[in-house]
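Step one of this worksheet: look at the structure below.
Just so we're on the same page: letters track the sequence lines, and every chain starts at 1. Remember, predicted model here, so these are calculated numbers, not experimental data.
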Amino acid sequence: NAGVTQTPKFQVLKTGQSMTLQCAQDMNHEYMSWYRQDPGMGLRLIHYSVGAGITDQGEVPNGYNVSRSTTEDFPLRLLSAAPSQTSVYFCASRLLAGDPYEQYFGPGTRLTVT
Amino acid sequence: GNSVTQMEGPVTLSEEAFLTINCTYTATGYPSLFWYVQYPGEGLQLLLKATKADDKGSNKGFEATYRKETTSFHLEKGSVQVSDSAVYFCALSESDAGKSTFGDGTTLTVKP
C-alpha cells in the first residue's frame, strides 16, 4: 500500500491564482480530511468527508473547496490564493467505524503565496 | 466541544534525560487517545494509542496511560535520544462524525 499520497510537495503561487492540492489513499478509508499547519497553531481542520459525495466544513474552511467523487481521492481547491494561505497542508484518512480511529497522514504540501 | 491541551514547548533535554509531555483533554463521550510524532519535513505518524481508561500505550520506549479520572494522557520516556527530536501531538477521536481533535504540538530537541 502506498498509504496517503499528496501532490505537489512544494508550490509557490501568486496572490489571486487558483490551484488544486491532490490527495489520494489506497486503504479504502471512508473518512478523509484536510488540515493546515501553521507555526504555533498546531493543526487546524479545513474540510472533511465521511464518504464519496459527502463533505463538510471544519474549523477554517474559508477560501477552500473540496469534493469527494471517489473513495480514494479528496482534492483541495484554493479558489483565489492569498498570502494568509501560506502554510503546510496535510491530508489524512481513517476508517469511519472501528476503534481506535487512528489517522494516517500524507507527507504534506508546502504552499507559499506571494 | 472536545479539546486537547498539551504542554507548551519548546522542550530541550540532554541525551538520556527523562521526558514528560503533559496532555489533558475534555470530551463529551469516551474518546480514544493518541500521541502522534512529526519528524522534520514529514507528516504526522502514530506513536502510540489507548482506547479505554487505564490502558497503557507504548512504542519505541515511549509510554502513556489513559487516566479518565484526571482526563490526562501524559507522554513519558525514560531515556531520550537525539533521534527523538521532533514535534509531538496529543489527540483524541470519537466515533461522532469521524473528527479528531489535536493539541498544538510540543517541540522536543534532544542535545548530545
* Check whether B:F34 and A:F90 end up in the same hydrophobic cluster, where Ile, Leu, Val, Met, Phe, Trp and Tyr are linked by side-chain heavy atoms less than 4.5 Å apart. => yes
* Asked: Quick check: are there more than 12 heavy atoms from other residues, nucleotides or ligands sitting under 6.0 Å from CD of B:E15?
  -> yes
* Asked: Is there a side chain to side chain contact (heavy atoms under 4.5 Å, CB included) between B:L44 and A:L43 once you walk through the steps?
  -> CA-CA 10 Å; B:L44 280 71; A:L43 290 172; 3.6 Å; yes
* What is the distance from atom CZ of A:F105 to atom CD of B:Q38, rounded to the nearest 0.5 Å? -> 9.0 Å
* Go through the atoms of A:R110 and report whether side chain, backbone, both or neither lie under 4.5 Å from a heavy atom of chain B. => side chain
* Structure fact -> Rounded to the nearest 0.5 angstrom, the CD-OH distance for A:E102 and B:Y36 is 6.0 Å
* Residue A:E59 excluded, over 12 heavy atoms near CD under 6.0 Å -> yes
* side chain to side chain contact (heavy atoms under 4.5 Å, CB included) assessment of B:F102 paired with A:Q37 -> CA-CA 11 Å; B:F102 287 84; A:Q37 184 179 30; over 6 Å; no
* Engaged part of B:Q6 at the chain A interface, taking heavy atoms whose separation is under 4.5 Å -> neither
* Please check if B:V11 and B:F73 belong to a single hydrophobic cluster, counting links between Ile, Leu, Val, Met, Phe, Trp and Tyr side chain heavy atoms closer than 4.5 Å. => yes
* **Criterion side chain to side chain contact (heavy atoms under 4.5 Å, CB included) on B:S100 and A:Y35, from CA distance to verdict** => CA-CA 11 Å; B:S100 299; A:Y35 295 88; 4.0 Å; yes
* Asked: In chain order, what residues pass the side chain to side chain contact (heavy atoms under 4.5 Å, CB included) check against A:Q57, with sequence neighbours excluded?
  -> A:H47, A:P61
* Structure fact -> Cut-off 4.5 Å, heavy atoms of chain A, and the answer for B:E42 is backbone
* ILVMFWY network linking B:L47 to B:L33, side-chain heavy atoms under 4.5 angstrom -> yes
